[in-house]
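Contents: one structure, followed by commentary.
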Amino acid sequence: MSTVRVRFAPSPTGMLHIGSARSALFNWLYARHTGGTFVLRIEDTDKARNTPEAMAAIFSGMKWLGLNWDEGAQPDGSSQGDYGPYFQSQRSDIYKAYGDKLLASGKAYQEPDGAVRFKMPKTPGVVKDLICGEITFERTMEPDPTIFRKDGTPVFHFVNVVDDLEMKITHVIRGEDHLSNTHKHIAMFEALGEQAPHYAHIPLILNPGGSKMSKREEGAALSQYIEQGYLSAAVRNYLCLLGWSPKDNREVLKIEEVIEKFDLPQINRSNARFDINKLYWMNGEYWRDLDKEAYYAFAKQHLKEHGIDLTGLDESYLTGVLDIIREKIKLGRDLPDWLNPFLKEDFVYDAKAVEKSLKSEGGTQRLQELIEIYQKQEVWTAAELEKSLAGLALSKGAKPALYVHPYRVGVAGCGVGPSLYHMLEVMGKERVLSRLERTKNLLASASI
RNA sequence: GACCCUAUCGUCUAGAGGCCUAGGACACGUCCCUUUCACGGAUGCGACACGGGUUCAAAUCCCGUUAGGGUCACCA
C-alpha cells in the first residue's frame with residue numbers, strides 16, 4: 001500500500017490553463033504510478049474570481065482529460081475525504097488556528113495594523129527538489145512574508161503550507177514558477193514543527209515565442225482545444241511529452257503505459273514551448289485510431305455543439321458521409337466544411353473550381369456526357385461507377401481525370417473532396433443526377 | 001536590480017566520458033503512390049550557445065561569459 005499523497009490545487013480563474021492542466025496530469029500520473037492518492041483542492045480564497053463558471057472550468061477540464069481524483073472537492077461543492085473541506089474558502093478556522101500557534105511560539109508577529117508576518121530565519125534555506133536537485137537560498141536579506149492581511153484573511157503561501165500539512169501531502173508537484181518560493185514554505189513547515197513534503201518542480205510551458213503563456217493568450221485555455229474538436233487522449237498524450245519522454249523514441253503512447261513508466265527524476269529541467277503543429281499531428285494519430293462508433297458519437301456531438309442541425313437526416317446517409325470524409329480531416333472543427341456539401345442541395349460552388357473544370361474547353365460537353373451515362377447506370381457502387389467513367393473517358397480518348405474534376409464540381413461544388421466514386425455511392429443515384437442537372441442549368445443561365 | 005533555474009536541429013526530445021562523422025518526432029523541401037485533397041512510403045535540409053579548463057578521450061564533468069525563463073505582493 002502506497003503512502004504517496006499528491007494534490008492538484010488550482011484556483012478558479014475562469015479557465016483551466018494548459019500549464020495547469022499539465023500540472024494536474026503529472027500529479028495524476030505520479031499518483032497512479034505509485035498507487036497513491038490524488039487529492040483535488042480548490043484555492044478559492046479570492047472571492048471576486050470565485051464564480052460558478054470559473055469553478056466549472058476546472059471540473060470539466062479534469063473530466064475531459066480523464067483525470068479522476070480519489071479525494072477532494074466535488075463539482076457540486078461538497079468535499080469527499082478525511083481531510084476536508086477541500087475548498088480553501090471553507091477552511092478559515094484551520095488557518096486561524098495555525099496562525100495562533102505560530103504567534104504563540106514567537107515564529108510570527110503582529111504588525112500595528114493587524115497584519116501578521118512570518119519570521120523568516122536568516123540562515124540559508126535548502127530545497128531538495130526531486131527534479132532540480134539541491135538548491136541553497138541565501139536569505140540574510142529575506143523580508144518576513146505576510147501570512148495574514150490586516151483584514152485577517154490568510155495569504156496564499158501560508159494556506160498552501162497549512163493545507164499540504166493538514167492533508168498529509170507527501171509530494172508537491174507544481175510549476176517551476178514556485179521554485180523560488182519553496183524555501184519559504186519549508187521554513188513554515190519547520191516553524192510549525194513539521195516536516196515538509198518532497199518537492200518536484202516541473203518546467204514551464206512557454207508560448208511559441210518563448211515566454212510565459214499568459215491567460216488571455218491564444219491557445220492558453222484547455223477549453224479552446226475542446227471546442228476545436230481535439231481528442232482528449234491526443235491532448236493528454238501531447239502534454240505528457242512536454243518535459244517527459246519514454247526515452248525510446250516512441251511518442252504515441254497508451255496512457256496505461258505512461259503511468260507505468262512515469263517517474264519524477266526523469267522529468268526535464270528546461271522549459272518547453274507549446275507546439276500546436278505537433279499537437280495537430282498527434283490528434284491525427286488518435287483520429288485514425290478511433291473506432292467507428294466513437295467517431296460517429298464524437299462527430300455528432302461536435303456538430304451539434306457547433307450549431308449544425310442533423311435532425312431529419314437519414315442515419316445511414318450521415319454515417320456513410322462521415323465514413324468517407326473521416327480520412328480527409330483530423331480535427332472536429334474541420335467536420336462542418338467537409339460535411340456541408342453533402343447536406344445541402346443548394347450547395348455553393350467554388351468559383352475557381354467551376355472556372356477550371358466546367359468553364360474550360362469542352363467542360364459543359366463532358367458534364368452532359370456524364371449525365372447521360374449515369375442515367376443508364378444500373379449498379380450504383382463505387383467500383384461500377386468508376387468503370388463507367390473510365391469507359392466513357394476511354395471511348396473519347398481522354399484521361400479519366402478530365403471527367404473526374406467536372407464531375408466533382410457538378411455534384412458537390414468543390415474542387416477537393418473524398419474519393420469521387422465513394423461520394424457518388426453514398427449520395428445515391430437520384431441525388432447525384434438532380435445535382436448534375438442543377439449544375440447544368442446554373443451553368444446554362446450563367447448563374448455560376 | 002537581487003536571487004534562482006535552464007541551455008542538443010525552427011520546435012519537442014534521445015544522449016548520464018569513448019557506442020555520436022549526435023538518434024527519433026513535428027514542421028519544411030524533393031520524389032513515389034493517387035481523379036483532387038489527405039494518408040502512406042522514400043529521401044533531403046537541419047543542432048551539441050560561446051570561451052576556458054579536467055581527461056588519453058567531453059554534447060556529457062568544472063569555471064566563466066552570453067542568452068532565455070522564473071521569483072522577489074497584505075495575487076493565487
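Lettering of chains follows the sequences in order, A, B, ..., and the numbering in each one begins at 1.
Side chains of Y83(A) and D163(A): no donor on one and acceptor on the other come within 3.5 Å.
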Derivation and outcome, side-chain contact (heavy atoms from CB on, under 4.5 Å), residues R5(A) and E71(A): CA-CA 10 Å; R5(A) 290 176 59 82; E71(A) 187 178 312; 2.7 Å; yes
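Nucleotide U65(B) has A49(B) as its partner under the Watson-Crick or G-U criteria, with both atom distances under 3.5 Å. G1(B) is paired with C72(B) under the criterion used here, namely a Watson-Crick or G-U wobble arrangement in which both key atom distances are under 3.5 Å. A 3.5 Å limit on both hydrogen-bonding distances identifies no Watson-Crick or G-U partner for A14(B). Base pairing of C19(B) is not made with any nucleotide, judged by Watson-Crick or G-U wobble geometry with both donor-acceptor distances under 3.5 Å. Shown here, U55(B) forms no base pair; nothing in the strands shown gives a Watson-Crick or G-U wobble contact with both key distances under 3.5 Å. In this structure, G29(B) and U43(B) make a Watson-Crick or G-U wobble pair, each of the two defining distances being under 3.5 angstrom. Base pairing of A38(B): no nucleotide in any strand meets the Watson-Crick or G-U wobble criterion (both distances under 3.5 Å).
Between F148(A) and F158(A), the gap from one ring centroid to the other is short of 6.0 Å.
When the ring-ring contact (aromatic ring centres under 6.0 Å, His included) test is applied to F347(A), the partners found at least two apart in sequence or on another chain are Y349(A). In this view, E386(A) satisfies the side chain to side chain donor-acceptor pair (under 3.5 Å) rule with no residue, not counting sequence neighbours. Residues meeting the side chain to side chain donor-acceptor pair (under 3.5 Å) test with E166(A), sequence neighbours left out: Y98(A). With sequence neighbours excluded, the residues forming a ring-ring contact (aromatic ring centres under 6.0 Å, His included) with Y407(A) are Y374(A), listed by chain and number. Residues passing the ring-ring contact (aromatic ring centres under 6.0 Å, His included) test with Y238(A) are F274(A), sequence neighbours excluded. By the ring-ring contact (aromatic ring centres under 6.0 Å, His included) test, H183(A) is found to be paired with F137(A), residues two or more places apart in sequence or in another chain being considered. Partners of A382(A) under the side-chain contact (heavy atoms from CB on, under 4.5 Å) rule, at least two apart in sequence or in another chain, are Y421(A), H422(A), E425(A).
Rounded to an integer number of Å, the gap from K356(A) NZ to U36(B) C1' is 8 Å. Rounded to whole angstrom, the span from the CE atom of M15(A) across to the P atom of A76(B) amounts to 18 Å. Following rounding to the nearest Å, M282(A) (CE) and A27(B) (P) show an atom-to-atom distance of 11 Å. Remark: P of C39(B) and CG of N283(A) are 13 Å apart, rounded to the nearest angstrom. When rounded to the nearest whole Å, the span between CD1 of I324(A) and P of C39(B) equals 18 Å. Following rounding to the nearest Å, H17(A) (NE2) and A76(B) (C1') show an atom-to-atom distance of 13 Å. Rounded to a whole Å, the NZ atom of K150(A) is 11 Å from the P atom of C74(B). Atoms CZ (F148(A)) and C1' (C75(B)) sit 17 Å apart, rounded to a whole Å.
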Review item, nucleotides 40-49 of chain B N/O atoms under 3.5 Å of protein N/O:
residue, atom, partner, partner atom, Å
G40(B), OP1, R288(A), NH2, 3.4

Where do N or O atoms of nucleotides 69-71 of chain B meet protein N or O atoms at under 3.5 Å, pair by pair?
residue, atom, partner, partner atom, Å
G69(B), O2', N271(A), ND2, 2.8
G70(B), N2, S180(A), OG, 3.3
U71(B), OP1, K212(A), NZ, 3.2
U71(B), O3', N181(A), ND2, 3.4
U71(B), O2', N181(A), OD1, 3.3

Nucleotides 60-62 of chain B: which of its N/O atoms have a protein N/O under 3.5 Å away?
none

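Within the nucleic acid shown, G284(A) has no heavy atom closer than 4.0 Å to any nucleic acid atom. Using a 4.0 Å heavy-atom criterion, one finds that A115(A) contacts the bases of the nucleic acid, with or without backbone contacts as well. No contact: D44(A) has no heavy atom under 4.0 Å from any strand.
Side-chain proximity of E251(A) to A25(B), A14(B), C5(B): nearest is A25(B). Closest approach to the V155(A) side chain among C74(B), C39(B), G23(B) is made by C74(B) (side chain taken as heavy atoms from C-beta onward). The side chain of R117(A) has C74(B) as its nearest neighbour among U13(B), C4(B), C74(B). Among the nucleotides C37(B), U11(B), A76(B), the one closest to the side chain of R149(A) is A76(B). Distance from the side chain of H157(A) is smallest for A76(B) among the nucleotides C26(B), A76(B), C4(B). The listed nucleotides are A27(B), C4(B), C12(B); the one nearest the side chain of I135(A) is C4(B). If you check A76(B), C5(B), A38(B) against the side chain of E43(A), the one that comes closest is A76(B).
Contact check on R117(A) versus E111(A) returns a salt bridge, with a Lys/Arg side-chain nitrogen under 4.0 Å from an Asp/Glu carboxylate oxygen. Between K352(A) and D350(A), no side-chain nitrogen of the basic residue sits less than 4.0 Å from a carboxylate oxygen of the acidic one, so the salt-bridge criterion is not met. The pair D323(A)-K292(A) counts as a salt bridge, with a side-chain nitrogen and a carboxylate oxygen less than 4.0 angstrom apart.
Taking for each of Y238(A) and T13(A) the nucleotide of RNA chain B with the nearest heavy atom, the 5'-most of the two is the partner of Y238(A). Comparing F137(A) and P145(A) along RNA chain B, the residue whose closest nucleotide (by nearest heavy atom) sits nearer the 5' end is F137(A).
With both ends at atom P, the span from C61(B) to A7(B) equals 9 Å, rounded to whole Å.
Only G415(A), V416(A), G417(A), P418(A), S419(A), L420(A), Y421(A), listed by number, bring a heavy atom of residues 415-424 of chain A to less than 4.0 angstrom from any atom of RNA chain B. Near RNA chain B, meaning a heavy atom under 4.0 Å from it, residues 382-408 of chain A has V404(A), H405(A), R408(A) in order of number.
The aromatic rings of F298(A) and W287(A) stand perpendicular to each other, their planes meeting at an angle above 60°, with 30° marking the opposite boundary. Between H185(A) and F156(A), the two ring planes are perpendicular [angle over 60°; tilted spans 30° to 60°].
With a 6.0 Å radius and a threshold of 12 heavy atoms from other residues, nucleotides or ligands, K122(A) has its NZ atom above the threshold. Environment of NZ in K356(A): sparse, with no more than 12 heavy atoms of neighbouring residues, nucleotides or ligands closer than 6.0 Å. Counting non-hydrogen atoms of other residues, nucleotides and ligands closer than 6.0 Å to NZ of K247(A) gives a total above 12.
One finds the NE2 atom of H405(A) at 10.0 Å from the NZ atom of K399(A) (value rounded to the nearest 0.5 Å).
Applying the 3.5 Å distance criterion, the base of C37(B) shares a donor-acceptor pair with the side chain of K328(A). A donor and an acceptor atom never sit less than 3.5 Å apart when one is taken from the side chain of K247(A) and the other from the base of A14(B).
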